[in-house]
Protein chains: 2
Amino acid sequence: MAYEDIMARAPGQNILEIVRQALPNLRKSERKVANRVLEDPDRILNAALAEAAALSEVSEPTVIRFCVAIGCTGFQEFKLRLARSLALGTTATHSVLTKEDTTAELVEKIFGYTMTSLDWARSHLDTEALGRAIALLSEARSIEFFGLGASGIVALDAQQKFPLFGVPCGAQSDTHQQLMTASMMQAGDVAVIFSNTGHTIAMIEVAEVARNGGAKVIGVSGASAPLLDHCDVAILVETLDNTDIYTPTISRIAALVVVDILCSAVGLRRDAEHGHRFENMKQLLRNQRIYGPKKPV
Amino acid sequence: MAYEDIMARAPGQNILEIVRQALPNLRKSERKVANRVLEDPDRILNAALAEAAALSEVSEPTVIRFCVAIGCTGFQEFKLRLARSLALGTTATHSVLTKEDTTAELVEKIFGYTMTSLDWARSHLDTEALGRAIALLSEARSIEFFGLGASGIVALDAQQKFPLFGVPCGAQSDTHQQLMTASMMQAGDVAVIFSNTGHTIAMIEVAEVARNGGAKVIGVSGASAPLLDHCDVAILVETLDNTDIYTPTISRIAALVVVDILCSAVGLRRDAEHGHRFENMKQLLRNQRIYGPKKPV
DNA sequence: ATTATTTGGTAGTAATACTACATAAAATAG
DNA sequence: CTATTTTATGTAGTATTACTACCAAATAAT
């Protein structure tokens, strides 16, 4: 049932980004509308067609033409899509941090940008590849996670979340030990390699070594890069490539969400197979928790 | 009727959550509308007033009355707010994972839930406390991050992102070493303690020890818990407390975003003071990157 | 320079959301 | 248990609103 829903929501990309990109291709009075929209989206959102036209200093039909020009069927649909986009926070263009920003503004911008990027990652995720990764992990005899730097943290996190029903898994953060571990892997084992850039040589070597031993390799990267050529399953986690400033931050969080998905999916799958679903899930969750006395007060 | 109460509790919040909460206080034909909305929000969103009324099997004014009952000024505003909420993904109630879910559905649900939770965290964040934390960190001579388990990963991440203009910072994941490090801290130093539950004794001890030495302590927790009483600045990162299933996952990500905010803010601040803004920022970012040859192909 | 073609505005139309009123149902009092 | 008030729902009407067909101006091409 829900497939259409998903598809309906997914390709409906951030309208503000679309407007910004379409800007040069618009005729000049339509551009007036576009600029007005980018300037103060909230204002347009709460305005009727007539008001929007007045604000942009054009006629009402021009506003409508603008709407169809950027791919909407009319003003109403445009407003709805605008509302959706605004929920995620202001656009990338607006979220440049300045030293004059108040704390509240920083919160708004960074949260907004994070959410927009997650939305982007979601709609660009290759579910088919993800499905193959889940299948591999579900059958794995042991799992090893690899990553360096920020990606190393993702690997660590994965290792913490994957105490899957007794399947041993580990995560090495040392280049040397990574190679050693990889060289010990064999058929039935699965290596998951995180690399934001996808260019890190050490990680490519790990992939090679693991595969030579007969293990399957899943690569998670933020860009279509060399690493993925050396993997059995390539998962591309695209984030807004807009600014250098945010990229590392965002890619890390998007990768963590992907880990969540993999973990949940594999959990559900293994569960379904073994039958003792709830107990196992609870167990899995208990392992994720930090323990302490309920109320030491 | 208690619309005000509802609005007071969740100001400008996810409409679907509001509708769900208001359900019992509605009159029965309004409830028909509410149920229809919760059942298939997308359908209502793309419908006109007349169609929405027909779908709910009530008259048009009843639909409008429903809208004002939940705090909107009319049907139009309701639709806009619904669009906003839908952008974040389906409601919490709808995102229970089942083993029948396709990969695409899992992606949709987990991303949606993550985004909704981030939205929640954002709107419940105490910016004033955050501001005080930023002030402390900006003046710090050295910074230490503490955390165990999932929160330990957050601490590690913070330590990786905070190579602040030469201010030394560290992160210990071993309880023993944590106490040792804490006991060495003194006036001018700042300890940042992450604890999702806020009940972990080890972390409370760290806070005590660090403070006794004269250091300032910033606590980041997912709940208003004992730990925060032992801190100079308490940052509460609220996430949707809905299900046990997602909690650890979400709180971790929300905490990472908070780290991003702290890091960026302190960076901007230190920068402004020292004047060589861009160079430093770039340097800071370079340190976050994973290095490798640009294109080994 | 004159004709096409593109771009912008005017006026009209159909639909939409909202309001005032009236009736039906429920609750309370006599 | 009826009578009366109060509450809840639907009907009919109105004012807006979005959209369309048409025309005029500007621009580009021949």
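Just so it is clear: chains get the letters A, B, ... in the order the sequence lines come, proteins before strands, and each one is counted from 1. Quick caveat, the model's predicted, so the values are computed rather than measured.
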Here the distance between atom P of D:dA18 and atom CG of B:L80, to the nearest Å, is 11 Å
Assess whether a salt bridge exists between A:E108 and B:R122, defined as any Lys/Arg side-chain N lying under 4.0 Å from an Asp/Glu carboxylate O. yes
Donor-acceptor pairs are to be reported for all side-chain atoms of residues 21-30 of chain A against protein atoms at under 3.5 Å, with residues two or more places apart or in another chain.
unit_1 : atom_1 : unit_2 : atom_2 : d
A:R27  : NE     : A:E30  : OE2    : 2.8

B:I44 CD1 to C:dA17 P, in whole Å, measures 12 Å
Per atom distances to the B:K28 side chain, the nearest of D:dT9, D:dA18, C:dA17 is D:dT9
Please determine whether a side-chain nitrogen of the Lys or Arg among A:E128 and A:R132 lies less than 4.0 Å from a carboxylate oxygen of the Asp or Glu.
yes
Testing D:dA18, C:dA17, C:dT7 for proximity to the side chain of A:S29, the answer is C:dT7
Ranking D:dG10, D:dA8, C:dG8 by distance to the side chain of B:R65, first place goes to D:dG10
Check whether any side-chain N or O of B:T62 sits under 4.0 Å from OP1 or OP2 of D:dG10, and answer yes or no. yes
Here the distance between atom P of C:dT7 and atom CD of A:E30, to the nearest Å, is 8 Å
Regarding the side chain of A:S59, the nearest nucleotide among C:dT7, C:dG9, D:dT20 is C:dG9
Atom CG of A:L26 and atom C1' of C:dT6 are separated, to the nearest Å, by 15 Å
Of B:E60 and A:E51, the one whose nearest nucleotide on DNA chain D sits closer to the 5' end is B:E60
Atom CZ of A:F66 and atom P of D:dC19 are separated, to the nearest Å, by 13 Å
In whole angstroms, the gap separating C1' of C:dG9 from CD1 of A:I64 amounts to 13 Å
Check: B:S117/B:T114 side-chain N/O donor and acceptor closer than 3.5 Å = no
Per atom distances to the B:R27 side chain, the nearest of C:dT19, D:dA18, D:dT9 is D:dT9
On DNA chain C, more 5' by nearest nucleotide between A:P61 and B:Q76 is A:P61
Taken to the nearest whole Å, CZ/B:F75 to C1'/D:dT17 is 14 Å
Atom NZ of A:K79 and atom P of C:dA17 are separated, to the nearest Å, by 11 Å
Considering only heavy side-chain atoms of A:A48, the closest of C:dC18, C:dG8, D:dT17 is D:dT17
Of C:dA17, C:dT10, C:dG9, the nucleotide closest to the side chain of A:V58 is C:dG9
Sorted by chain and number, sequence neighbours left out, salt bridge (Lys or Arg N to Asp or Glu O under 4.0 Å) with B:D126 holds for none
